K.L.:
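Just dropping this structure here.
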Amino acid sequence: MKQNRDSITLKSAAEIEQIRAAGRVVAATLDACEKACQPGVTTRQLDDIALSTFSSLGATGLFFGYPDYQPRSGYPRHTCISINEEIVHGIPGDRIVRDGDLVSIDCGVRLNGWCADSARSIAVGNASSQARRLVEVTKRALTQAIDAIRPGMRWSAIGSLLEDLAERERMGIIREYVGHGIGRSMHESPKVPNYRVKSGSAEDFLLQPGLVIAIEPMLTLGKGQTLTLRDGWTVVTRDRRLAAHQEHTIAVTEQGADILTLP
């Protein structure tokens, strides 16, 4: 690893392969959860499936006990499972997934000292056309961002693409929660906003080979304002409109972007 002048830690090719190995575990975990995400399952059962999957593959979760990982403190489960108007950080429990729900599952693991993070939204059963469209557009936003990445660009250009897409589709974009650098730790510099920022501003950064970031657009059918529930974790849309969340960990290469959280 080497530090650049903006305190962003660039990764070597060997280190990126270590992150990819962790990313494969994340992908397998999300695949297992998505398969099980059917009407009647509880979010605790999905969380248990995630724990069983990544543990069987030799990984440890990044969410349980976050942020200080001290006994009896921090986040209480192994994944974040957010339903309908919940955007992120929904706590798995006894809630039953119902036909038509929009379920977002976020998972991060550490394997051999390296981290990866990914999320996907699932329209369950006979979900509404609006829910399915929201999921499709959020997936498209992530794909568009990844496909546009080239070394030498600044992130501000990608953030503008994301915000332009949300505006064209008349969807709200979440601004309070953003993507992040990732590597030895789940959250490293830089922060990765999902919206337009001024080129050269403090929120902007250079896309350069060796940069590894988690990109995670969150869109809503409403205005994008958020509220944290009394549990201290679950973030919902203030207007209670549906929200969706998609995320991949990627590495910037000489050719573009390499997705590290694929099977």
Side-chain angles (χ1 to χ4, degrees), residues 1-27 59-63 66-69 75 80 88-89 106-119 141-162 173-218 245-262:
M1 296 186 293
K2 62 180 181 180
Q3 298 278 340
N4 74 1
R5 61 186 177 86
D6 297 322
S7 298
I8 294 173
T9 303
L10 301 179
K11 279 73 176 181
S12 68
E15 291 167 339
I16 289 171
E17 290 310 306
Q18 294 279 357
I19 298 172
R20 190 192 310 278
R24 289 193 179 107
V25 174
V26 173
T60 56
L62 294 172
F63 296 175
Y66 179 88
D68 57 9
Y69 300 105
Y75 186 73
C80 298
V88 287
H89 306 162
D106 193 354
C107 178
V109 307
R110 177 179 282 108
L111 180 70
N112 299 324
W114 292 93
C115 303
D117 190 6
S118 182
L142 178 58
T143 300
Q144 180 175 280
I146 292 171
D147 289 348
I149 286 174
R150 294 290 183 275
M153 293 176 66
R154 299 194 70 85
W155 178 260
S156 52
I158 307 298
S160 295
L161 288 175
L162 289 169
I173 192 163
I174 303 299
R175 295 173 181 271
E176 287 89 345
Y177 300 88
V178 299
H180 49 88
I182 187 168
R184 286 288 192 184
S185 300
M186 177 167 60
H187 291 145
E188 298 183 356
S189 292
K191 292 182 178 179
V192 182
N194 302 308
Y195 48 84
R196 183 177 292 108
V197 299
K198 184 177 180 181
S199 179
S201 69
E203 294 180 281
D204 198 13
F205 57 90
L206 182 66
L207 295 167
Q208 51 192 320
L211 178 68
V212 178
I213 54 176
I215 305 171
E216 49 180 320
M218 303 164 211
H245 178 204
Q246 297 285 154
E247 178 182 14
H248 270 308
T249 296
I250 67 101
V252 178
T253 72
E254 295 288 355
Q255 291 74 40
D258 183 5
I259 302 174
L260 305 179
T261 40
L262 291 176

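Because the structure is a prediction, the values reported are computed rather than measured.
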K.L.:
Residues two or more places apart in sequence or in another chain: which of them pass side chain to side chain donor-acceptor pair (under 3.5 Å) with Y195?
P.N.:
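Y195 satisfies side chain to side chain donor-acceptor pair (under 3.5 Å) with E203 only.
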K.L.:
Donor-acceptor pair, distance only, cut-off 3.5 Å: does the side chain of N194 make one with the backbone of V178?
P.N.:
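No; judged by distance alone, with no hydrogens or angles, the pair does not exist.
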K.L.:
Between S185 and E188, is there a donor-acceptor pair closer than 3.5 Å when you use the side chain of the first and the backbone of the second?
P.N.:
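Flag not set: sc S185 to bb E188 has no pair under 3.5 Å.
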K.L.:
According to salt bridge (Lys or Arg N to Asp or Glu O under 4.0 Å), who are the partners of R150, at least two apart in sequence or on a separate chain?
P.N.:
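Salt bridge (Lys or Arg N to Asp or Glu O under 4.0 Å) check on R150 returns nothing, list empty.
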K.L.:
Got a second to check how far E247's CD is from I182's CD1, nearest 0.5 Å?
P.N.:
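Reported value, rounded in 0.5 Å steps: 7.5 Å.
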K.L.:
Classify the ring geometry of H187 against H180: parallel below 30°, tilted from 30° to 60°, perpendicular beyond 60°.
P.N.:
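Correct class here is perpendicular.
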K.L.:
Is there a donor-acceptor pair closer than 3.5 Å between any side-chain N or O of D204 and the backbone N or O of S156?
P.N.:
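A pair under 3.5 Å: yes.
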K.L.:
With D68, which residues qualify under side chain to side chain donor-acceptor pair (under 3.5 Å), at least two apart?
P.N.:
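With sequence neighbours excluded, D68 shows a side chain to side chain donor-acceptor pair (under 3.5 Å) to S73, given in chain and number order.
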K.L.:
Starting at CG of D117, measure out to CD1 of I213 and round the result to the nearest 0.5 Å.
P.N.:
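Going from CG on D117 over to CD1 on I213, the span is 12.5 Å.
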K.L.:
Working to the nearest 0.5 Å, report the span between CD1 of I16 and OG1 of T249.
P.N.:
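Answer rounded to 0.5 Å: 12.0 Å.
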K.L.:
Output yes when a side-chain donor or acceptor of Q144 lies under 3.5 Å from a complementary backbone atom of L161, and no otherwise.
P.N.:
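Pair found, side chain donor or acceptor close to backbone of L161.
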K.L.:
Can you sort out the partners of H89 under ring pair (Phe, Tyr, Trp, His ring centres under 6.0 Å), two or more places apart, ordered by chain and number?
P.N.:
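H89 satisfies ring pair (Phe, Tyr, Trp, His ring centres under 6.0 Å) with Y177 only.
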K.L.:
List the residues meeting side-chain contact (heavy atoms from CB on, under 4.5 Å) with A257, not counting sequence neighbours, and say none if there are none.
P.N.:
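Counting only residues at least two positions away or on another chain, A257 forms a side-chain contact (heavy atoms from CB on, under 4.5 Å) with I146, I149, I250.
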K.L.:
With rounding to the nearest 0.5 Å, note down the distance linking CD1 in I19 to CZ in R184.
P.N.:
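CZ of R184 is found 9.0 Å from CD1 of I19.
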K.L.:
Just to verify, what does R110 make a salt bridge (Lys or Arg N to Asp or Glu O under 4.0 Å) with, not counting sequence neighbours?
P.N.:
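Expected list: none.
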K.L.:
I need the S201 OG to R154 CZ distance, nearest 0.5 Å.
P.N.:
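Between S201 OG and R154 CZ, I get 8.5 Å after rounding to 0.5 Å.
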K.L.:
Could you go through H248 and L262, starting from their C-alpha distance and side-chain angles, then the distance that decides it, and tell me whether this counts as side chain to side chain contact (heavy atoms under 4.5 Å, CB included)?
P.N.:
CA-CA 8 Å; H248 270 308; L262 291 176; 3.9 Å; yes
